[in-house]
Amino acid sequence: MPDLQLPTNIQFAQRFEDSTITDFKCQKCPLWETSVAGGRSSGKIMRSGVYGRGTGRNGLLIYGEALGHTEIIIGRPFVGDAGKLLSEVLSEIGIVESQSYITNTVRCRPPSNRVPVASEQDICMENHFTKDLPAPDWKPKLVLTLGAVALRSMLHMQKISERRGIFYDSPMFAGVKTLCTYHPAAILRKPELYPILRDDIRRAKDYLNDTDRGDLPPVTNIQIRTRTDFLEWMDYLLSADPRPALSVDIESTGLNYRKDKIVSISMSFYSEDNYVSLAFLTDARPEWWHLNLTDKQSLEFKLLQTLLESSKLTFQNGDFDTKFFWYNGIHAVSNIDTLDAHYLLDENSPHGLKHLVSMFLPKAGGYQQKILEVIGGDWDIQLASVKDLLEYNASDAFFTHLLRDKFLDMLKHQGLKDLFEQHAMPLKRALTCMSYRGIRMDRDRIMRLSETYRKEIKEKEEKLYDLVGQRFKYTSQSQLIKVLYQDLGLPVYKETKTGPSTDKETMEELAKLHPVPALIVSLRHARKMCQTYLDGNDGISEDKGTGILGHLDEYDRVHASFLTHGTTSGRLASKEPSLLNIPRDLEFRRCFIPQQGWQFINADYSQAELILLAYLSKDPSFINAVTSEDLHTKVLRTLVGIDESVPIDKEMRNFAKAINFRKAYGGGSKGLAAQLGVEEELTASWYKKWDAAYPGIPEWMESQATLWQVKGEVVSIYGRKRRFPNLQVLAIADPKRAREQQGYYDRLSINFPCQAGVADTMNRTLRLLHYYLNRIWPWSPSTMYNHPGAVLTVHDELLFESPEELVPDMCELIRGIMSLPLPMIGISLKSEMKVLSTWGGDV
DNA sequence: AAATGTAGCGCC
DNA sequence: AAACGGCGCTACATTT
């Protein structure tokens, strides 16, 4: 229920009650006239000039945008759907709404609910700001602005998504902070933003309660100008006992550690009751000393190397920084990574430093913003002044240090410390090594394959143009649509947001009517292979250099980054290039080869997610099925009642396979019917049979759905959490949307334990193998190619390269680790292993 | 010219 | 209207 308590201050309560068209005298902007539906002359009793509500006792002053339809009828701000959402989020966080003062930037209603223009905003604030408060001498503790309009009006800023969550100085009240966040109406349109709104409101509450004002401890910033200074600081740090943990950050000319150079390095630490941030150059600039990273024999290089290689280091996304260090001859190892820490704490939000600082160190966010304003958003590191560069570098290292302390504490409180230290960080280090090692590719084969595809493209294009009777750009969505649906007059089966669909499924349907769609499908495939996976040259596109070929280093190795934070499920992501979506076509996978004279060992888990589903649900029949010779066949036999002696053909088996996977992903009978091209009645009956055969599974699924709704999270067998939003809030404003969302989260709560369990099992395998190999042959950037190691992982598949003579031992080690029992469940997953001379098999 | 959004498609 | 979970990359189209 909206709060109906009136302001306690009599004088203001009086005005609030009487705030009708008759006593609102302001005519300073055009809105006084248009604010009433049908215009003021219509005689309708509608309110404009509506001031705020609430006592302001808790010190919170909230600015929205302008009056909406409901507001002008009732004559109170924030009483429509957005108001309900605001009430919900305030009560969820524990801010008493009636004690806050809630008003709008513009106190009238713009016609047809348009956004009030800047002049209207400014006129309204100028004329009503001092009057529209709970009492004339009242001063807030915190101003909260909701949405882009209030942000512009109060702080003269744009881009709410970049400014939200940061505490700025209030221009209106001396010594008061302003926090901005999304407008509740925006959340109604994009419910996935709700957690951010909630976090920001919580931040406001913490601020009001003095529990966390995000104050920064004092820090001594040292910009090292001379060699002597540098040597003194190195001496200080190297002889400190105990050696302080260092948070390290680098600035570089670009993102590629093999091509770009480190420009400056900063180290932040806590020593003798003080925070210190050191920063120095590694690139020549006038009047400043710099450490020359190419002179490996110099004293200063050796000191830095010794320090970094023997200290506990913290990075923010150290995958980036450590690879730079390694390439420059310093084997720095990340002990703590604030990015990975945050990923465990909140898998749903971004994990970049800027975002983390704005979320957890709001005061620093303002400071960081100031630096950005000084140096410009897109500064050229070569042109930046040394002072700005080092200040920026040092502040990032300092913030990383503060985040580190904060996150370690939070991980401990959430029972995630072990998962972080024993699992996530060792995995991160193993992945950085794997990426640095890279995987070798067969350049000639790439070129040959690409040539084959280009020939195919040429031929088929000619055919296409002949059929259509004109040359046209079939890669252009708009031209293709014109040709297919206008010129050829084919029927439209499916629509996208922007017009008729031309996707593969639709084209295959259209192929029954005309030869062109099939040609398009095969042309698209050939081009995709060339553009994305081969040399980027499809013979047509102007832009070359796309494709994996463009990622090869001088030894024909590709160094994809494996991200530990790319998913919400604990699965890895891979980029530049992604190695997780390489075509299964063996011709293509043969492009991936081990180093000269070595072998690949390929190990994969079979049907891991379904096995996990079986044991999580504890359904005896399904456990029986997943432990049988062939799961899909077994399921089919059970469903249809075919005896063990009768053989089952592949097509029938695929039916069972489709339904099994849909179960794990939360798919329904309708989708299955569409996929298989059969009636839904049929697939629905299969679903029924399936549920009846394995009753433990629907039961478990129900319980998962209940679990996330009650607890707000589900937890995997490794203790990884998946947090869910509170849909109760959304349901109040938009019940339909909430129901849709609920179905989605129900499916997630089912899929997450399976997907995350398998992902962390694979992650564990990777980390343990790295650990054991490292004990036999300590890993180092300079000697890595002398020893076997992982080169690739694809969710449930793992690829190693190994010298021939070590292959048997490696296989035994891999098999041993892969068959370790799973936590909580105690069973092991089935795995298979192959020795190969290329990823696509022997050639 | 750069940034953003969309469609489409590759993988598990 | 129907609804299958998790990703990244490409080209094209549109916006700034």
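A quick note: this is a predicted structure, and the numbers were derived from the prediction, not measured. Each chain gets a letter, A, B and so on, in the order its sequence line appears, and its residues count up from 1.
Backbone-only contact: A:G666 has heavy atoms under 4.0 Å from sugar-phosphate atoms and none from a base. Within 4.0 Å (heavy atoms only), A:R589 reaches sugar-phosphate atoms of the nucleic acid but no base atom. A:R584 comes within contact range of the sugar-phosphate backbone alone, with a heavy-atom separation under 4.0 Å but no base atom that close. A:E740 comes within contact range of at least one nucleobase, with a heavy-atom separation under 4.0 Å.
A:S476 has no side-chain polar atom (N or O) that falls below the 4.0 Å cut-off from OP1 or OP2 of C:dA11.
Side-chain contact check for A:Q470 and A:D487: at least one donor-acceptor pair (N or O, by modelled atom type) lies under 3.5 Å. Side-chain atoms of A:T506 and A:D503 form a donor-acceptor pair, as typed in the model, at a separation below 3.5 Å. A side-chain N or O of A:R454 and one of A:S450 form a donor-acceptor pair less than 3.5 Å apart. Between the side chains of A:S561 and A:E576, no donor N or O sits under 3.5 Å from an acceptor N or O. A donor-acceptor pair shorter than 3.5 Å can be found between the side chains of A:R767 and A:H423.
Protein chain A contacts DNA chain B over a range whose 5' and 3' limits, counting nucleotides with an atom under 4.0 angstrom from a non-hydrogen atom, are B:dT4 to B:dC12.
Judged by the 6.0 Å and 45° rule, A:R653 forms no cation-pi pair with A:F655.
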